[in-house]
Amino acid sequence: MAAGLLVTACSATDISTHDMSAMSSTPATSSAPPATTVGAEAEHNDSDVMFTQMMIPHHRQAVKMAKLADTKAASPEVRKLAAQIEAAQDPEIQTMSGWLTSWGMQVPRTDGMSMDHGMPGMMSDEDMKKLGTLSGAAFDKAFLTMMIQHHEGAITMAKDEQSNGVYEPAKQLAGSIISSQSAEIATMKELLQ
């Protein structure tokens, strides 16, 4: 089912940020009944919307970091891992963008504004600029250290979705993020040694 969603999802635009005003003001722990959606889409709630609206820019930043590794990393293992991250997260961005569109919700913007909005694991603009100035072994170390933190944040967000969301495809994606990014963290910790 998840594979089908990946294929049919709307495409996302470039890497950057989103408008936090589009976020639901209802807390993720809300006990409000799930909102109904347009067409044949399953029901979703505010937690599902928040998860997708936060995870899209979170993934965009990871993809941006991964693209840097293509030209700046010294280690072939780091380049391979970065390519794996990009290959996994680009389609997930498209899938989540498709969900938001089908729910009549705003897809996070990609207008170049700051991506650091207090989301778990997000790098600041300064962190990203610094990473962009590095190359070779220094890049590898910084990339791995930052990406571990980034993945840990994504896992926290995914666990919140599994606890509070009701939209089954989003909960399944959250489970996939937890398992795949936990495995990547283990790999990155090995590479750091």
Side-chain angles (χ1 to χ4, degrees), residues 2-3 5-6 12 14-18 28 50-97 108 110 112-165 169-193:
L5 288 171
L6 291 175
D14 215 47
I15 296 166
S16 186
T17 188
H18 67 291
M50 182 171 288
F51 169 71
T52 54
Q53 287 183 326
M54 291 177 71
M55 193 61 78
I56 288 170
H58 204 275
H59 271 20
R60 285 178 182 152
Q61 188 178 68
V63 169
K64 184 175 184 179
M65 292 166 67
K67 286 180 186 291
L68 289 172
D70 189 44
T71 57
K72 294 180 169 287
S75 165
E77 291 87 0
V78 170
R79 285 194 300 275
K80 179 181 176 184
L81 176 69
Q84 176 182 318
I85 290 168
E86 186 177 348
Q89 294 194 22
D90 260 339
E92 290 173 355
I93 291 167
Q94 294 173 18
T95 296
M96 291 183 286
S97 296
T110 58
M113 291 170 54
S114 172
M115 293 196 296
D116 178 16
H117 293 288
M119 284 181 272
M122 287 291 277
M123 300 298 113
S124 68
D125 287 340
E126 286 182 14
D127 292 333
M128 293 299 290
K129 286 176 187 171
K130 181 179 178 184
L131 184 64
T133 66
L134 301 174
S135 62
F139 174 87
D140 292 353
K141 182 176 181 182
F143 172 82
L144 293 168
T145 302
M146 291 169 69
M147 193 62 80
I148 288 169
Q149 177 184 336
H150 204 270
H151 275 20
E152 287 170 345
I155 290 168
T156 297
M157 293 163 60
K159 286 179 177 176
D160 287 345
E161 168 61 15
Q162 287 198 316
S163 296
N164 302 310
K171 292 177 78 165
Q172 289 174 5
L173 176 62
S176 174
I177 288 169
I178 292 166
S179 61
S180 64
Q181 294 197 18
S182 293
E184 288 171 353
I185 288 170
T187 300
M188 289 187 282
K189 286 181 176 178
E190 288 176 11
L191 290 173
L192 274 174
Q193 295 174 6

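Counting begins at 1 with the first residue of the sequence.
- Looking only at side-chain heavy atoms (C-beta outward), His59 and Ile177 come within less than 4.5 Å of each other.
- Remark: Leu134 engages Ala138, Phe139, Ala142 in a side-chain contact (heavy atoms from CB on, under 4.5 Å) (not counting sequence neighbours).
- Closest approach of Ala66 to Ala82, counting heavy atoms only: CB-O, 3.3 Å.
- Applying the salt bridge (charged side-chain N to carboxylate O under 4.0 Å, His left out) test to Glu86 and every residue at least two apart in sequence or in another chain returns Lys67.
- Looking at heavy atoms from C-beta onward, Ile148 lies in side-chain contact with Leu192 at the 4.5 angstrom threshold.
- Leu191 CG to Lys80 NZ: the interatomic distance, rounded to the nearest 0.5 Å, is 10.5 Å.
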Step-by-step side chain to side chain contact (heavy atoms under 4.5 Å, CB included) determination, Leu131 to Leu68
CA-CA 8 Å; Leu131 184 64; Leu68 289 172; 3.9 Å; yes
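- Residue Met96 holds its CE atom at 12.0 Å from CE of Met54, rounded to the nearest 0.5 Å.
- With Thr156 contributing its side chain and Glu152 its backbone, the two residues share a donor-acceptor pair below 3.5 Å.
- Among all heavy-atom pairs drawn from Arg79 and Ala74, the shortest one is NH1-O, 3.3 Å.
- In this model, a donor atom of one side chain and an acceptor atom of the other lie less than 3.5 Å apart for Ser124 and Asp127.
- The distance from the CG atom of Asp160 to the CD1 atom of Ile155 is 12.5 Å, given to the nearest 0.5 Å.
- Every residue meeting the side-chain contact (heavy atoms from CB on, under 4.5 Å) condition with Gln84, not counting sequence neighbours, appears here in chain and number order: Leu81, Glu184.
- The ring-ring contact (aromatic ring centres under 6.0 Å, His included) contacts involving residues 60-90 comprise nothing, where partners must be two or more places apart or lie in separate chains.
- With sequence neighbours left out, the side-chain contact (heavy atoms from CB on, under 4.5 Å) criterion links Ser75 to Glu77, Val78, Asp140.
- Lys72 places a side-chain N or O within donor-acceptor distance of the main-chain N or O of Gly132, the cut-off being under 3.5 Å.
- In terms of modelled atom types and a separation under 3.5 Å, the side chain of Ser182 and the main chain of Ser179 share no donor-acceptor contact.
- Contact record, Ala154 with Gln181: CB-OE1, 3.2 Å, taken as the closest heavy-atom pair.
- Residues that satisfy the ring pair (Phe, Tyr, Trp, His ring centres under 6.0 Å) test with His151, not counting sequence neighbours, are absent from this structure.
- By the side-chain contact (heavy atoms from CB on, under 4.5 Å) test, Ala174 is found to be paired with Phe51, Ala158, Glu161, Gln162, residues two or more places apart in sequence or in another chain being considered.
- Here the CE-CE distance, from Met147 to Met188, works out to 6.5 Å after rounding to the nearest 0.5 Å.
- With values rounded to the nearest 0.5 angstrom, Gln89 atom CD is found 7.5 Å from Ser180 atom OG.
- Between Asn164 atom CG and Lys159 atom NZ the span is 13.5 Å, to the nearest 0.5 Å.
- Side-chain atoms of Met55 and Glu92, non-hydrogen and from C-beta on, never get closer than 4.5 Å to each other.
- Take His58 and apply the ring pair (Phe, Tyr, Trp, His ring centres under 6.0 Å) test, not counting sequence neighbours, and it matches His150.
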